[in-house]
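In what follows, a single structure is set out as structure tokens and then discussed.
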Protein chains: 2
Amino acid sequence: MAPLGDKSDTAEEAMVTEAENKPISNILILIAMQTEALPLVNKFQLTGDVDSVFPSGVPWVRYHGIYKDLHLNLIWPGKDAALGVDSVGTVSASLVIYASIQALKPDLIINAGTAGGFKAKGASVGDIYLASDVAFHDRRIPIPVFDLYGVGLRQSFSTPNLLKELNLKVGKLSTGDSLDMSPQDEASISANDATVKDMEGAAVAYVADLLKVPAIFVKAVTDIVDGEKPTAEEFLQNLAAVTAALEKAVTQVIDFINGKCLSEL
Amino acid sequence: MAPLGDKSDTAEEAMVTEAENKPISNILILIAMQTEALPLVNKFQLTGDVDSVFPSGVPWVRYHGIYKDLHLNLIWPGKDAALGVDSVGTVSASLVIYASIQALKPDLIINAGTAGGFKAKGASVGDIYLASDVAFHDRRIPIPVFDLYGVGLRQSFSTPNLLKELNLKVGKLSTGDSLDMSPQDEASISANDATVKDMEGAAVAYVADLLKVPAIFVKAVTDIVDGEKPTAEEFLQNLAAVTAALEKAVTQVIDFINGKCLSEL
């Protein structure tokens, strides 16, 4: 495997450099919840697939369309077939982003969604964050090196110009499969130096890294984790309003990307 | 979607029934760690792929060969490219089982591996369990119905004859991405009524259920979770010996399956 691997790495790097200097044309937006996804589907006038690009049996939904010079694919993991709720969390996100990359070959992934924020790190409800780094906070494997694998720290694709232009907040994102936060989660989130907390980001980053697709993370704060209100209650109360702010921010990001190369972001 | 869905469900059921009455020919064995996988690779004289059935960039490894009347595919998620440790846990397992089902169309999945056991539920080091049910213990989403989605309880494929013949222990399996156990994990494991605890099973069950492939779970106890010894230490101490017991048990399971239909298991 080694010589082959070396050769394809070099070829891959050349391809990556070439891709960075061509205008971005194909964007994959992954959003975990229908409530978060539909405002963007309407905004960009995307249409649902009649014939799915995904295998029979999976609930994953693709909306797509042309917006300015961009081909937009918005993927939502769909409702759980048995329970009827959004297929949130890392397992579902990793599967759908893997299958979407295989089927759609995007130039860039935008994982957008709601998140919990930490007021001790400056977050307020309604804030929009662009994640600088993503990591897991609920994969504790106390064996040397396995511990680092569990944390799975990855940098998101660097977009200094986008940040300057849109004046978004920047912070580290920490991912776990629970909506609440145990003391162990809290310690890991603190070790991750995270400002925002979600349920998909680090899994998306893992798959994007495996398949060498640049990924950015746009997260809107629905609830303050280190505040007084119970997370589930605050999350449900603010979901609709914050989703509108998210739609606005993602639209600004897409408008900024339009006509640019990866290296210009 | 509804009328189409209904039709294909009926067709699917007919196909499932047909499949249940044909001799099993193609088995997919998923094992998370190389140490657990290699004894079986040697035992069944499987060979590694030269050209991978998986996309470029992923570390997933397939060994395959013919054993008696069976085509065996043993899949190991491989070493993390950056860190060099086995790609354990639910994200990696769900990706590799998804891609393997797509590429290899197995009749039956066997997820084999080591696990922690609870002595309060009768487990001892070296015991081999066949899981009756699998569920997650680290996906707490305290919103009605989302809570059930998080737990993700699924029954494994029922194999009453295999159980009787091989005299394996039966217990419920609970899955989480941490090797240790927080008090919140413990409460969820207790609610799951689990005897064994692993880091992949419920994710494999989720994907197998999505893609309608029967799955069974063979788990060998390397450490006692509710005992005195620290899990990581006990796990590493017993890994080699218990892996030998796992190899023996999986061989017995494969020998029992050979020549039988799904409905005869």
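Order of the sequence lines fixes the chain letters, A, B, ..., with proteins taken first and strands second; residue numbering starts at 1 for each chain. These numbers were taken from a predicted model, which means no experiment stands behind them. Values reported hereafter were calculated over all heavy atoms of this structure, with side chains retained and with hydrogens, waters and symmetry mates removed.
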Which bit of [X] is near chain B, if near means a heavy-atom gap under 4.5 Å: side chain, backbone, both or neither?
{"X": "A:Leu148", "answer": "both"}
{"X": "A:Tyr206", "answer": "side chain"}
{"X": "A:Val88", "answer": "both"}
{"X": "A:Glu233", "answer": "neither"}

Which of the residues [options] is involved in the greatest number of heavy-atom pairs with chain A at under 4.5 angstrom?
{"options": "B:Pro183, B:Gly176, B:Ser87", "result": "B:Ser87"}
{"options": "B:Asp180, B:Leu210, B:Ile141, B:Asp80", "result": "B:Asp180"}
{"options": "B:Ser182, B:Ala232, B:Ala203", "result": "B:Ser182"}
{"options": "B:Met199, B:Gln184, B:Gln102", "result": "B:Gln184"}

For this session: Quick one: sort the A:Tyr98 and B:Trp60 rings into parallel, tilted or perpendicular, breaks at 30° and 60°.
Result: tilted
For this session: Quick one: which residue pairs count as a salt bridge (charged side-chain N to carboxylate O under 4.0 Å, His left out) with a foot in residues 142-154 of chain A, not counting sequence neighbours?
Result: A:Arg154-A:Asp209
Problem set entry | Residues of residues 223-231 of chain A near chain B, each having a heavy atom less than 4.5 Å away | none
Exercise. Is the shortest side-chain N to carboxylate O distance from B:Asp138 to A:Arg140 below 4.0 Å?
Worked result: no
Exercise. Quick one: of A:Leu211, A:Leu83, A:Val58, who has the most non-hydrogen atom pairs under 4.5 Å with chain B?
Worked result: A:Leu83
For this session: State whether the number of non-hydrogen atoms from other residues, nucleotides or ligands found under 6.0 Å of B:Glu186 atom CD is greater than 12.
Result: no
Problem set entry | Which atom of A:Asp86 lies closest to which atom of B:Phe146, heavy atoms considered | O-CE2, 3.5 Å
For this session: Any chance you could lay out the side-chain contact (heavy atoms from CB on, under 4.5 Å) test for A:Phe136 and B:Ser178, step after step, and finish with the verdict?
Result: CA-CA 11 Å; A:Phe136 291 93; B:Ser178 294; over 6 Å; no
Problem set entry | Spacing of CG belonging to A:Leu179 relative to CD1 belonging to B:Ile143, to within rounding of 0.5 Å | 5.0 Å
Problem set entry | side-chain contact (heavy atoms from CB on, under 4.5 Å) between A:Arg139 and B:Val91, intermediate numbers included | CA-CA 11 Å; A:Arg139 311 197 320 173; B:Val91 164; 4.1 Å; yes
